[in-house]
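Structure first, commentary second.
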Amino acid sequence: MSGIIGRKLGMTRVFTEDGSAVPVTVVEAGPCVVTGVRTEDRHGYGAVQLGYEKARRKTLTKPVAGQYDAVGLAPRKVLREFRVADPESYEIGQQVTVDIFEPGEMVQVTGWSKGRGFQGNVRRHNKSVGRRTHGNKSRRAPGSIGQSASPAKVWKGRKLPGRMGGERVRLRSLPVVEVDADKGLLLIRGALPGAANGLVMIRKTGGAGK
Amino acid sequence: MNEKVRAIRDRAVRDDLPEFSIGDTVRVHVRISEGEKERTQAFEGTVLSRKGSGCNETFTVRRVSQGIGVERTFPLSSPNVQTVVVTRRGKSRRSKLYYLRKRTGKAAKTKAVDIR
């Protein structure tokens, strides 16, 4: 299996034998269940659809609940597809747990970053602030945003203040520090996008899941 | 903090170190690796502060070496801290003894606790 769905729990540190402290994010991932298979022949691409966290039936509409009845599984809150090279080898109802990962392995993590609201250029685009003295009037202002009569417009993609965060973020090449198969926990080095209890998808690097 | 994160954090907490508190004089045996070789160095001084919780707890030790004050902060759970030996129990009514930095000589000592 090329990936799993989980929730970010929080951060802590782990000491290694040689005494260095490793910052880790604890992720509770799985158990997920295979709810669907996408094959090259039928759908044009190979993938496995995973379901995570059981949902109460009354929270679902009948058409959505019917999808689960069709495959004979309990409804799930989250459904995500993961690209795989060999979708035929997966069966509906199959369990996917964190033991698909090994310590030391590199993974990609996808999540939704925390929403920061409307932020200025300094915070949003790492622009530098103006100097405070010598008559300067634009301390955190964007400054010049372009030329004059030619081109007489602001170029597309100009970095300006606006909404920051709350977007899909994918981090690549994060090492797995530890896998706790009993508790379904993954320890991934470094920070992950989003708030605690936020949804994250963890994928293996390379392969069909690219 | 999430309970499961707390469990991972507190897993590294050691029970092999003696109890010591602020104001005590301790000798900390630190593992130092120089290239391939490893050796142990002792650092003795007064405990100025302990802060943090779980495996993030650190303690600061101050000593005056050749007239110059030296402070080192150690993570309590670090494998590099091999042992801590309490050489003198000191009494303190503060949780942080930063005022000792301004004092020299006898005034920089903490009151000894009678341990029977």
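Residue numbers begin at 1 in each chain, while the letters A, B, ... track the order of the sequences.
- Heavy-atom contacts from other residues, nucleotides or ligands closer than 6.0 Å to CZ of A:Arg168 number 12 or fewer.
- Annotation: the span from A:Glu28 atom CD to B:Lys4 atom NZ amounts to 3.5 Å, rounded to 0.5 Å.
- Under a cut-off of 6.0 angstrom, the local environment of CZ in B:Arg94 is sparse, with at most 12 non-hydrogen atoms contributed by other residues, nucleotides or ligands.
- Annotation: A:Gln95, atom CD; neighbour count of heavy atoms from other residues, nucleotides and ligands within 6.0 Å is above 12.
- Distance check: B:Met1 CE to A:Thr12 OG1 gives 6.0 Å after rounding to the nearest 0.5 Å.
- Side-chain contact check for A:Leu185 versus B:Ile8: some heavy-atom pair is nearer than 4.5 Å.
- Neither the backbone nor the side chain of A:Val24 comes within contact range of chain B, judged by heavy atoms closer than 4.5 Å.
- Residues B:Ala12 and A:Phe15 approach most closely at CB-CD1, 4.3 Å, considering heavy atoms.
- Counting heavy atoms of neighbouring residues, nucleotides and ligands inside a 6.0 Å radius, atom CZ of A:Arg132 does not exceed 12 of them.
- Counting non-hydrogen atoms of other residues, nucleotides and ligands closer than 6.0 Å to CZ of B:Arg93 gives a total of 12 or fewer.
- Environment of CZ in B:Arg101: crowded, with over 12 heavy atoms of neighbouring residues, nucleotides or ligands closer than 6.0 Å.
- Smallest separation of non-hydrogen atoms from B:Pro79 and A:Thr16: CG-O, 3.4 Å.
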Test A:Met11 against B:Val5 for side chain to side chain contact (heavy atoms under 4.5 Å, CB included), laying out the working first.
-> CA-CA 7 Å; A:Met11 288 192 75; B:Val5 180; over 6 Å; no
Derivation of the side chain to side chain contact (heavy atoms under 4.5 Å, CB included) call for B:Asn2 and A:Val26 = CA-CA 10 Å; B:Asn2 182 289; A:Val26 184; over 6 Å; no
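- Applying the 6.0 Å contact sphere to CZ of A:Arg163 captures no more than 12 heavy atoms from other residues, nucleotides or ligands.
- Atom-to-atom distance recorded for A:Leu9:CG and B:Arg6:CZ is 13.0 Å, nearest 0.5 angstrom.
- A pairwise comparison of heavy atoms in B:Arg31 and A:Glu17 identifies NH2-O, 2.8 Å as the closest pair.
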